[in-house]
Amino acid sequence: MSEAFKKAGPNAKMESKVAPNNFDYEIFLNGESLEVKSKRLFRSPQKFKDSYR
């Protein structure tokens, strides 16, 4: 991952998108899927509006 961020440059845009079932997510770097070896999701009491969809 470090190499991917170095190649992306200082103005890189990172996004994460949670799957509809809330059990998985994808990470994107400059619009391209970033392969990650280990991912974890943690339950939160915080509620979010649908504005992120």
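Sequential numbering from 1 along the given sequence is applied to the chain's residues. Quick caveat: nothing in here was measured; it's all calculated off a predicted structure.
Listed by first and then second residue, the salt bridge (Lys or Arg N to Asp or Glu O under 4.0 Å) pairs that reach into residues 6-17 are Glu3-Lys6, sequence neighbours excluded. Applying the side-chain hydrogen bond (donor to acceptor under 3.5 Å, both in side chains) test to residues at least two apart or on different chains, the pairs with a partner in residues 28-40 are Asp24-Lys39.
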Take Val36 and Tyr25 through the side chain to side chain contact (heavy atoms under 4.5 Å, CB included) test and state the conclusion after the steps. CA-CA 10 Å; Val36 181; Tyr25 64 95; 5.9 Å; no

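Nearest heavy atoms, Leu29 versus Ala4: CD2-O, 3.6 Å.
Tracing side-chain contacts under 4.5 Å through hydrophobic residues (I, L, V, M, F, W, Y), one reaches Leu34 starting from Met14; they form part of the same cluster.
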